[in-house]
Novice: 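Input: one structure, supplied below.
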Amino acid sequence: MPKGTSRCRLVGTVPEEERCTVERADASLTYSLFLQRFAFSRPVILRGVTDNSAFRALCTREKLLAAFGAHLVRLSTANTYSYRKVDVPFREYVEQLLKPQDPAQLGSDTLYFFGDNNFTEWGPLFQQYVPPAFRIPGTSPAYSFGIAGSGSGVPFHWHGPGYSEVIFGRKRWFLYPPDKTPHFHPNETTLAWLHHTYPALPLAERPLECTLRPGEVLYFPDRWWHATLNLDTSVFISTFLG
């Protein structure tokens, strides 16, 4: 996690993609065009649609440890179905468990902090977050906040539509449409999949992919397969539209 307001990176351990294949849009994108072009059909990376500098300032290592160090956080195993949950003090997670991913470790043996946030405890922090303004009709937003080490991530899975924003670090995404199930083992980490399966994929079978940086927001439509890979020690938040 970053100290102060600087980013602490574990450089060179995990590569970015050769070319981003997810379309990008800026603040000129209107809501009607978002609904027409992306909401129900394909992912898009948005830049400049929100300003979360105030939220970012609250997400440094020092600020988070001061506010939440003694609080319990719930960790999930980083496999597709997240069978196991473990509760630990947030300080213990940051100081002892927040490490780079071991490439040989299975997802069931990798603990990941994302999604199981206690909204009574974390609510004051989430109130400072500015989500993208575009909503899918008939849905309401729910936040999931996470912090994870370099090389960690979640293997392929799908759920409803949502947004994901990187606060610190970089996060690489791999996405397939609902009708194109990726080849993966649910207990293999994304890092292992990138090393073992990805290089052998023909170009036509490669996923859409891109690396998010701070201030960028990825929108993914309903039921799109996706896997994530933190290229640095990263802080991130998702807005699920349920």
Side-chain angles (χ1 to χ4, degrees), residues 1-11 14 16-17 20 22-31 33-34 38 43-69 71 73 90-91 93-95 98 112-136 140-150 152-153 161-173 210-220 226 228-241:
M1 289 172 61
K3 294 185 177 182
T5 57
S6 63
R7 282 177 288 174
C8 177
R9 288 186 172 181
L10 298 170
V11 179
V14 188
E16 294 188 8
E17 71 286 343
C20 174
V22 179
E23 190 171 345
R24 294 178 181 271
D26 58 24
S28 65
L29 180 69
T30 64
Y31 182 47
L33 279 177
F34 169 77
F38 303 111
V44 61
I45 294 173
L46 306 172
R47 177 125 189 136
V49 298
T50 58
D51 178 5
N52 274 302
S53 54
F55 181 75
R56 184 173 294 110
L58 297 174
C59 291
T60 64
R61 178 188 180 101
E62 289 85 355
K63 290 285 182 64
L64 289 177
L65 285 176
F68 305 104
H71 293 226
V73 292
F90 180 64
R91 182 176 296 278
Y93 174 69
V94 170
E95 295 181 347
L98 188 59
Y112 196 71
F113 174 45
F114 176 65
D116 288 296
N117 307 123
N118 182 316
F119 282 81
T120 300
E121 296 174 348
W122 291 84
L125 176 66
F126 296 162
Q127 289 174 8
Q128 304 304 311
Y129 177 67
V130 181
F134 300 154
R135 291 285 180 264
I136 306 299
S140 58
Y143 296 141
S144 289
F145 180 73
I147 303 165
S150 172
S152 65
Y163 295 96
S164 183
E165 179 169 355
V166 173
I167 306 303
F168 287 107
R170 296 170 298 158
K171 182 184 284 285
R172 186 172 171 181
W173 282 73
C210 202
T211 296
L212 286 187
R213 293 172 177 79
E216 295 182 325
V217 183
L218 172 72
Y219 169 76
F220 50 88
H226 53 280
T228 60
L229 185 63
N230 297 293
L231 305 190
D232 312 302
T233 300
S234 300
V235 180
F236 43 91
I237 186 169
S238 290
T239 307
F240 294 118
L241 303 174

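Position 1 is the first residue of the sequence, and the numbers go up from there.
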Novice: So, for Y219 and F38, is the gap between ring centers shorter than 6.0 Å?
Specialist: no
Novice: Do you know which two heavy atoms are closest between V14 and S150, and how far apart they sit?
Specialist: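 Reported closest heavy-atom pair: CG2-OG, 4.1 Å.
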Novice: Would you say N117's side chain and F145's backbone share a donor-acceptor pair under 3.5 angstrom?
Specialist: yes
Novice: Taking all non-hydrogen atoms of both residues, which atom of R170 and which atom of T211 are closest, and how far apart?
Specialist: CB-CG2, 3.8 Å
Novice: Would you call V217 and F134 a side-chain contact if the rule is heavy atoms closer than 4.5 Å?
Specialist: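 With C-beta onward as the side chain, the pair stays apart.
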Novice: Would you check if the side chain of S234 reaches a backbone N or O of A148 as a donor-acceptor pair within less than 3.5 Å?
Specialist: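 Side chain of S234 to backbone of A148: no pair is present.
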Novice: Which atoms form the tightest heavy-atom contact between L58 and L125, and what is the distance?
Specialist: CB-CD1, 3.7 Å
Novice: Are V49 and L29 packed together at the side-chain level, in the sense that at least one heavy-atom pair is separated by less than 4.5 angstrom?
Specialist: no
Novice: Heavy atoms, side chains only, cut-off 4.5 Å: are K171 and L218 in contact?
Specialist: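 They are not in contact (no side-chain heavy atoms under 4.5 Å apart), so the answer is no.
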Novice: Just say parallel, tilted or perpendicular for the rings of F114 and F236, cut-offs at 30° and 60°.
Specialist: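 The arrangement is tilted - the two ring planes meet at 30° to 60°.
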Novice: Please test F168 against T233 for side chain to side chain contact (heavy atoms under 4.5 Å, CB included), starting from the C-alpha separation and ending with a verdict.
Specialist: CA-CA 8 Å; F168 287 107; T233 300; over 6 Å; no
Novice: Identify the two heavy atoms, one from V94 and one from R61, that lie closest to each other, and give their separation to 0.1 Å.
Specialist: CG1-NH1, 3.8 Å
Novice: Is the shortest heavy-atom distance from the side chain of R24 to the side chain of R47 under 4.5 Å?
Specialist: no
Novice: Would you please classify the geometry between the F34 ring and the Y31 ring as parallel, tilted or perpendicular, with 30° and 60° separating the classes?
Specialist: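 Aromatic pair Y31/F34 classed parallel.
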Novice: Less than 4.5 Å apart, side chain to side chain, heavy atoms only: is that true for I237 and Y129?
Specialist: yes
Novice: Answer yes or no: is there a side-chain heavy-atom contact under 4.5 Å between Y163 and L241?
Specialist: yes
Novice: If we only count heavy atoms from C-beta on, is the I45 to C20 side-chain gap below 4.5 Å?
Specialist: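 The answer is yes; the side chains approach within 4.5 Å.
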Novice: Nearest 0.5 Å please: distance from the CG atom of L46 over to the CD atom of E165.
Specialist: 10.0 Å
Novice: Measure the acute angle between the ring planes of W122 and F126, then classify it against the limits of 30° and 60° as parallel, tilted or perpendicular.
Specialist: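 It falls in the parallel class, under 30°.
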Novice: For T50 and P131, which heavy atoms make the closest approach, and how far apart are they?
Specialist: CG2-O, 3.4 Å
Novice: Measure the shortest side-chain to side-chain distance between I147 and F90 over non-hydrogen atoms and say whether it is less than 4.5 angstrom.
Specialist: yes
Novice: Within this structure, what is the CG-CZ distance for the pair D51 and R56, rounded to the nearest 0.5 Å?
Specialist: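 D51 atom CG to R56 atom CZ measures 8.0 Å (nearest 0.5 Å).
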Novice: Measuring from atom CZ of F220 to atom OG of S164, what distance do you get when rounded to the nearest 0.5 angstrom?
Specialist: 6.5 Å
Novice: Please name the pair of heavy atoms, one in I167 and one in C59, separated by the smallest distance, quoted to 0.1 Å.
Specialist: CG2-CB, 4.1 Å
Novice: Any chance you could measure H226, atom NE2, to W173, atom CH2, to the nearest 0.5 Å?
Specialist: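 If I round to the nearest 0.5 Å, the distance is 5.0 Å.
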Novice: Are the side chain of N52 and the backbone N or O of F55 linked by a donor-acceptor pair below 3.5 Å?
Specialist: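 No.
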Novice: Give, for atom CG of D232 and atom CZ of R172, the distance between the pair rounded to the nearest 0.5 Å.
Specialist: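 CZ of R172 is found 13.0 Å from CG of D232.
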